[in-house]
Amino acid sequence: MPPKRQYRNIALVGFMGVGKSTVGQILATNLGFEFLDTDRVIESHTGRRIADIFAQDGEPAFRALESSLATQLEARSGLVISTGGGFVVNPANLESLRRHCLVVCLWASPGVIHERVRHQSHRPLLQTQDPQAKIAELLEKRRPAYQESDILVGVDFRGASETARQVANSFRRLQSESEGSGSAGSRVP
Ligand code: S3P
């Protein structure tokens, strides 16, 4: 029998600009959970902005900070965790989240993502000549990792409040199923 899943927390994963932080804050309020954004935690631990960590130490150094945070989060409860867009690209981080979270991917198409991020300049990976091509390329590369999530919610035509409500409903249902029948681990189509 597969090991019993524990849903002490919810992790929102997915590409830059899909609304993880906005949805996460609404969801945390709805559930009475604490909201935590992995980028903000890294910034407060290091006292530096993500863009500066990328520029001065390089992306691998940032990924190491994400992995270390993933391990620290395993001991926590009652959290809605909004993860940076590349957090689950490292399979060990995804495995780590799956030990204590319902992992929910917010999915948007490349055109919608581009529309949402094109006037923002704080994301180092999108500071290129052709951000639209970069989005398409990275999204395709990351798709398999995002698809490992327990739930995928399309957000192209769904606002943040509706998305949060849907995730909260799925979370409550799965939590009560896992408490009741002892058969946690089901994946939601
Ligand atoms: C990244 C996404 C960013 C941030 C960093 C790298 C990525 O977070 O972690 O710039 O690799 O997709 P958001 O998804 O919150 O923009």
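If you read the sequence from its start, that first residue is 1, and numbering goes on from there. Since we're looking at a predicted model, the values are computed, not measured. Indexing begins at 1, ligand by ligand and atom by atom, following the structure's order.
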Task: Heteroatom proximity flag, Lys20 to ligand 1, N/O under 3.5 Å - done: yes

TODO: Indicate, as side chain, backbone, both or neither, the part of Arg142 found under 4.0 angstrom from ligand 1 when only non-hydrogen atoms are considered.
DONE: side chain

- [ ] May I ask you to say whether Glu34 pairs ionically with Arg76, meaning some side-chain N is under 4.0 Å from a carboxylate O?
- [x] yes

Open item on the list: Tell me every residue that passes side-chain contact (heavy atoms from CB on, under 4.5 Å) with Arg63, counting only those two or more places apart in sequence or in another chain.
Closed with: Phe54, Glu59, Glu66, Leu125, Arg142

TODO: For Gln132 and His114, indicate whether the former's side chain and the latter's backbone hold a donor-acceptor pair under 3.5 Å.
DONE: no

Task: Closest contact, heavy atoms only, Ala164 versus Leu27 - done: O-CD1, 3.4 Å

Task: atom 5 (C) of ligand 1: the protein heavy-atom neighbour that sits closest, reported with distance to 0.1 Å - done: Ile50 CG2, 3.9 Å

- [ ] Below 4.0 angstrom from a heavy atom of Gly84, which ligand 1 atoms are there? Numbered from 1 as shown, please.
- [x] 8 (O), 9 (O), 14 (O)

TODO: Would you check whether Phe54 has a nitrogen or oxygen atom less than 3.5 angstrom from a nitrogen or oxygen atom of ligand 1?
DONE: no

Open item on the list: Considering non-hydrogen atoms of the protein only, which is the closest contact for atom 15 (O) of ligand 1, and what is the distance?
Closed with: Asp39 OD2, 3.6 Å

TODO: List in chain and number order the residues that pass side-chain hydrogen bond (donor to acceptor under 3.5 Å, both in side chains) with Asn30, two or more places apart in sequence or in another chain; answer none if no residue qualifies.
DONE: none

- [ ] Could you tell me the residue and atom name of the protein heavy atom closest to atom 16 (O) of ligand 1, and the distance to it rounded to 0.1 Å?
- [x] Arg123 NE, 2.6 Å

Task: Taking atom 10 (O) of ligand 1 as the reference point, the nearest protein heavy atom with its distance - done: Pro124 CD, 3.6 Å

Open item on the list: If you define the side chain from C-beta out and look only at heavy atoms, does anything of Cys101 sit under 4.5 Å from Ile81?
Closed with: yes

- [ ] Could you see which bit of Phe87 sits under 4.0 Å from ligand 1, with heavy atoms only: side chain, backbone, both or neither?
- [x] neither

- [ ] For ligand 1, indicate whether the residue Glu59 contacts it via side chain, backbone, both or neither (heavy-atom separation under 4.0 Å).
- [x] neither

TODO: Give a yes/no verdict on whether any heavy atom in Gln127 is under 4.0 Å from an atom of ligand 1.
DONE: no

Task: For ligand 1, the portion of Leu125 having any non-hydrogen atom under 4.0 Å away - done: side chain

- [ ] Report yes if some heavy atom in the side chain of Ile53 is under 4.5 Å from a heavy atom in the side chain of Glu43; otherwise report no.
- [x] no

Task: Subset of ligand 1 atoms that lie under 4.0 Å from at least one heavy atom of Phe62 - done: 9 (O)

Open item on the list: Tell me if a side-chain donor or acceptor on Arg158 pairs with a main-chain N or O of Gly154 at a distance below 3.5 Å.
Closed with: yes

